[in-house]
Q: 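Right, I'll just put the structure down here and ask away after.
Every number for a ligand or one of its atoms is a count from 1 in the order of the listing.
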Amino acid sequence: MNTRERWVPADVDVGRPSPARVYDYLLGGAHNFAVDRALGDQLIAAQPNARRSAQQNRAFLRRAVLFQVNAGIRQFLDIGSGIPTVGNVHEIAQRVAPDARVVYVDRQEGAVAHGRLLLDGNDGAAVVRADLCEPDEVLDAPETRRLLDFDQPIGLLMTWVLHYVPPERDPVGLLARYREALAPGSWLTLSHVAADVMPDRVAAVAEALSRSEDPVFPRTYDEILGLFAGFEVVAPGVVPAPLWRPERPADAAGARERCGIYAGVGRRT
Ligand SMILES: C[S@@+](CC[C@H](N)C(=O)[O-])C[C@H]1O[C@@H](n2cnc3c(N)ncnc32)[C@H](O)[C@@H]1O
């Protein structure tokens, strides 16, 4: 289907798959096109748990945001936020704390355009189009400066996004730059495709995406733990996403085999 929907701006190429729309397809959303579904089906063929992993990632994000709201955090910077879908960060946070403020950041125009439509009329949330590999553009964007107070703790969210950053862009160095901008008591929430859980399937996914515009770079447990440098990782540590403070024991059953996403939350000291 190449019908141009209202939420897709004129300059978006709907003939090319985008990670945001493929993820939306995996989650069962409606904001995707035939090319995205074709790539999504290719990923599911390579990794039959792909849909489940996307859901588990989204559930982790919700629990991590609630954890931070309960810890007193009232402002979030959600980088690589994707197409707004069920359970957006501002909905989760503002339901509990109506004064919570959220800045979404994505480099993809379609995700940004759709986010702006959704947030129309919400004074406590905004969307910035920027690349996380350019921290100054993210941190100095007018919406970021208007909504977030960097003298107060912030919840920095980077879920299911850093595996799009190749090693040569130095993800550890990028995170250091973001960490420097955050006040002590801020949090880093991170989830990332694991290279060492079901490695054959992950390698097949990486191969399927290697010639796309958005190749993925799965990382090992130690590499993902290393992304938390300068943050104190809170219990239960960096774990398969469903094992991060599950709400029901059934959520966590068999998580290591079924979920190839490592997730964790750390506090800036
Ligand atoms: C799969 S979505 C993740 C959505 C959300 N964070 C979640 O966990 O549910 C990944 C998003 O990251 C965005 N992205 C990838 N690389 C990026 C970069 N370098 N800068 C900003 N956004 C990026 C993609 O455009 C996509 O919308």
Q: Within a reach of under 6.0 Å around CD of Glu247, are more than 12 heavy atoms found that belong to other residues, nucleotides or ligands?
A: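 More than 12 within 6.0 Å, yes.
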Q: For atom 16 (N) of ligand 1, tell me which residue out of Gln55, Arg107, Arg62 has the closest non-hydrogen atom.
A: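 Nearest option to atom 16 (N) of ligand 1, by heavy atoms: Arg107.
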Q: Is His163 reaching over with its side chain to a backbone N or O of Val193, donor-acceptor style, under 3.5 angstrom?
A: yes
Q: Quick one: does NZ or CZ of Arg51 land under 6.0 Å from the six-membered ring centre of Tyr25, within 45 degrees of the ring axis?
A: yes
Q: Nearest non-hydrogen atom to atom 5 (C) of ligand 1 belongs to which of Gly82, Ser81, Pro166?
A: Ser81
Q: Does ligand 1 have any atom that is closer than 4.0 Å to a heavy atom of Asp131?
A: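 In this structure, Asp131 qualifies as a contact of ligand 1 - some heavy atom is under 4.0 Å.
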Q: Need the ligand 1 atom indices (1-based, order shown) with element for anything under 4.0 Å from a heavy-atom of Thr159.
A: 3 (C), 5 (C), 6 (N), 7 (C), 8 (O)
Q: Taking N or O atoms only and a 3.5 Å limit, does Arg58 qualify as a polar contact for ligand 1?
A: yes
Q: Could you go through the side-chain hydrogen bond (donor to acceptor under 3.5 Å, both in side chains) check for Tyr104 and Asn88 one step at a time?
A: CA-CA 10 Å; Tyr104 294 104; Asn88 295 298; 4.9 Å; no
Q: Show the atoms of ligand 1 that are less than 4.0 angstrom away from any heavy atom in Gln108.
A: 25 (O)
Q: Would you mind checking which non-hydrogen protein atom is closest to atom 14 (N) of ligand 1, with the distance to 0.1 Å?
A: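 Result: Val161 CG2, 3.7 Å.
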Q: Heavy atoms only, cut-off 4.0 Å: how does Asn57 contact ligand 1, side chain, backbone, both, or neither?
A: side chain
Q: Using a strict cut-off of less than 4.0 Å between a Lys/Arg side-chain nitrogen and an Asp/Glu carboxylate oxygen, indicate whether Glu134 and Arg169 qualify as a salt bridge.
A: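 Result for this pair is yes, salt bridge flagged.
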Q: Under 3.5 Å between any N/O of Tyr164 and any N/O of ligand 1: does that happen in this structure?
A: no
Q: Under 3.5 Å, is there a donor-acceptor pair between the side chain of Arg245 and the main chain of Ala235?
A: yes
Q: Taking distance alone, with N or O pairs closer than 3.5 Å, would you say Gly80 contacts ligand 1?
A: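 Yes; the residue has a nitrogen or oxygen that sits under 3.5 Å from a nitrogen or oxygen of the ligand.
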Q: Would you indicate whether the side-chain heavy atoms of Val127 and Leu118 approach each other to under 4.5 Å?
A: no
Q: Given Tyr104, Tyr23, Trp160, Phe60, identify the one with the heavy atom nearest to atom 9 (O) of ligand 1.
A: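 Shortest heavy-atom distance from atom 9 (O) of ligand 1: Tyr23.
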Q: Check if Ser18 has a non-hydrogen atom at a distance under 4.0 Å from any atom of ligand 1.
A: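 No, Ser18 has no heavy atoms under 4.0 Å from ligand 1.
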Q: Backbone or side chain, does any N or O of Leu132 fall under 3.5 Å from an N or O of ligand 1?
A: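 Yes; the residue has a nitrogen or oxygen that sits under 3.5 Å from a nitrogen or oxygen of the ligand.
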Q: Report, in ascending order of atom number, the atoms of ligand 1 lying under 4.0 Å from any heavy atom of Ala130.
A: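 Contacts of ligand 1 toward Ala130, numbered from 1: 20 (N), 21 (C).
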Q: Would you say Asp136 has more than 12 foreign heavy atoms packed within less than 6.0 Å of its CG?
A: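 Enclosed.
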Q: Work out whether the distance between some heavy atom of Ala111 and some atom of ligand 1 is less than 4.0 Å.
A: no
Q: If you compare all heavy atoms of Leu227 against all heavy atoms of Pro171, which two are closest, and at what distance to 0.1 Å?
A: CD2-CB, 3.9 Å
Q: Quiz question: by atom type and distance under 3.5 Å, do the side chains of Asn49 and Gln56 form a donor-acceptor pair?
A: no
Q: Note the single closest protein heavy atom to atom 13 (C) of ligand 1, along with its residue, its atom name and the distance in Å.
A: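 So the nearest neighbour among protein heavy atoms is Asp106 OD2, 3.3 Å.
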